[in-house]
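Heads up: the structure comes next, in structure tokens.
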There are 2 protein chains.
Amino acid sequence: MASVQERPFADALARLKEVGLRPTRQRLALAKLLFDKGDHHTTAEQLHAAARAADVKVSLATVYNTLHQFKDVGILREVVVEPGRSYFDTNTRPHHHFFHEDDVRLIDIPDEAVELSRLPEPPEGAEISRVEVVIRVGARR
Amino acid sequence: MASVQERPFADALARLKEVGLRPTRQRLALAKLLFDKGDHHTTAEQLHAAARAADVKVSLATVYNTLHQFKDVGILREVVVEPGRSYFDTNTRPHHHFFHEDDVRLIDIPDEAVELSRLPEPPEGAEISRVEVVIRVGARR
DNA sequence: GTGTTTGCAAAGTGTTTGCAATTTA
DNA sequence: TAAATTGCAAACACTTTGCAAACAC
């Protein structure tokens with residue numbers, strides 16, 4: 001089966017309204033591309049390409065802005081694993097990642113597949129905002 | 001006490017010879033700045049500034065090249081936590097990091113302070129090269 | 001209408017590279 | 001002296017920004 005998500009009719013428009021972003025043509029189109037086909041990871045360039053491929057006219061600048069707005073309202077998560085390139089993850093639930101160093105690609109690890117049985121105290125005056133586990137993998141020699 | 005490390009008289013020259021890098025004036029100076037004062041994290045800019053401050057003339061390009069050479073021979077580790085900026089860690093032993101999002105700073109977590117009691121199988125045909133845990137922290141509200 | 005959003009092109013940041021001059025072995 | 005390294009400046013990749021035109025409410 002294709003992409004039945006938690007919310008069966010996950011509607012881009014409703015989602016934008018929910019988070020208080022004006023549903024402009026560009027934002028709607030990008031939201032569709034991002035959220036209508038299951039969890040995945042994208043870079044700005046990739047999303048921009050996907051938009052072009054879908055005959056959606058959006059400037060790269062808008063793609064960047066939109067990705068950050070989506071991140072700011074919490075419907076997207078930014079993952080940094082490579083110098084000079086940001087990945088955005090449509091899965092905002094707690095989970096971790098494989099980073100395949102050969103084909104330069106992120107793969108989700110379900111939260112339950114990782115168990116952190118001991119964590120350090122955060123530094124004085126600080127509190128933990130997120131724990132990220134990245135497992136770097138490469139082709140088996 | 002100051003910085004008595006594993007190898008008491010950790011000598012920059014010896015270290016470079018060990019890894020097969022010609023001990024040039026620049027590399028020696030950078031190695032001293034990096035390894036003579038205990039484990040820490042630096043960016044290229046920071047190291048360049050430290051060099052200037054110590055009256056060592058090195059170009060930024062050489063700092064970048066040197067950091068990567070040091071990384072390639074395994075005496076430095078690259079840590080990516082922020083888009084658009086690489087940190088280099090003089091601690092190459094297994095360990096993890098706090099990333100303080102307010103003052104944009106890495107803090108070492110000793111390996112024993114984190115216990116990963118369950119790890120997923122790597123994807124088909126791949127093998128794990130490293131497991132990185134980054135605990136993002138912010139000021140307590 | 002009014003405030004928001006877009007797209008463009010320009011600017012910005014961190015990093016890499018080509019190459020002649022310099023240094024090291 | 002042959003090979004490696006440096007520094008400069010130019011090039012790069014990715015990202016952000018300023019601002020006038022277009023759009024949403």
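Here is the naming used below: chain letters follow the sequence lines, and residue numbers restart at 1 for every chain. No hydrogens, no waters, no symmetry mates; every other heavy atom, side chains included, goes into these values. Computed from a predicted structure; not experimentally measured.
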- prompt: Does any nucleotide pair with D:dC23 by Watson-Crick or G-U wobble geometry, both distances under 3.5 Å, and what is it?
  reply: C:dG3
message: Determine whether B:Arg85 and B:Glu45 satisfy the following criterion, salt bridge (Lys or Arg N to Asp or Glu O under 4.0 Å), listing intermediate values before the conclusion.
response: CA-CA 10 Å; B:Arg85 186 186 263 77; B:Glu45 287 286 0; over 6 Å; no
Phosphate contact (D:dT6 OP1 or OP2) by B:Thr24 side-chain N/O below 4.0 Å: yes
message: Using whole Å, what does the distance between atom C1' of nucleotide D:dT5 and atom CG of B:Leu21 come to?
response: 11 Å
- prompt: If Ile, Leu, Val, Met, Phe, Trp and Tyr residues are connected whenever their side-chain heavy atoms lie under 4.5 Å apart, and connections chain through other members, are B:Val134 and B:Leu106 in the same group?
  reply: yes
message: If I take atom CZ in residue B:Arg27 and atom C1' in nucleotide C:dT22, what distance separates them, rounded to the nearest angstrom?
response: 14 Å
task: Pull out every residue in residues 52-71 of chain B that has a heavy atom closer than 4.0 Å to any atom of DNA chain D, ordered by number, or say none.
output: B:Lys57, B:Val58, B:Ser59, B:Ala61, B:Thr62
- prompt: Between A:Phe99 and A:Arg105, is there a cation-pi geometry (under 6.0 Å to ring centre, at most 45° from the normal)?
  reply: no
- prompt: Rounded to the Å, how far apart are B:Leu16 CG and D:dT5 P?
  reply: 11 Å
task: Say whether, by atom type as modelled, one donor and one acceptor occur between the side chain of A:Arg25 and the main chain of A:Val56 under 3.5 angstrom.
output: no
query: Heavy-atom count around B:Arg52 CZ within 6.0 Å, excluding the residue itself: above 12?
result: no
- prompt: Going by modelled atom types, is there a donor-acceptor pair between the base of C:dT5 and the side chain of A:Arg22 at under 3.5 Å?
  reply: no
- request: Specify the separation, in whole Å, of atom CG of A:Leu13 and atom C1' of D:dA24.
  value: 12 Å
task: Under 4.0 Å between any heavy atoms, over every strand shown, what does A:Arg85 touch: base, sugar-phosphate, or nothing? Just pick one.
output: sugar-phosphate
field: Aromatic centroids of B:His68 and B:Phe88 separated by under 6.0 Å
entry: yes
query: Could you state the CD-P distance from B:Glu45 to C:dT16, rounded to the nearest angstrom?
result: 12 Å
message: Can you measure A:Leu28 atom CG to C:dT6 atom P for me and round it to whole angstrom units?
response: 10 Å
query: Can you check the A:Tyr87 OH to D:dT15 C1' distance for me, whole Å?
result: 15 Å
message: Using only atom types and a distance under 3.5 Å, with no angle test, would you say the side chain of A:His100 pairs donor to acceptor with the backbone of A:Phe98?
response: no
- request: In whole angstrom, give the distance that lies between atom CD of A:Gln46 and atom P of D:dC14.
  value: 10 Å
- prompt: D:dG7 phosphate, OP1 or OP2: any side-chain N/O from B:Gln26 under 4.0 angstrom?
  reply: yes
query: With sugar-phosphate meaning primed atoms plus P, OP1 and OP2, does B:Pro83 contact a base, only sugar-phosphate, or nothing at under 4.0 Å between heavy atoms?
result: nothing
- line: Ranking D:dC25, D:dA3, D:dG7 by distance to the side chain of B:Arg25, first place goes to D:dG7
- request: Side chain of A:Ser86 only, please: which of D:dT5, D:dG7, D:dT15 is the nearest?
  value: D:dT15
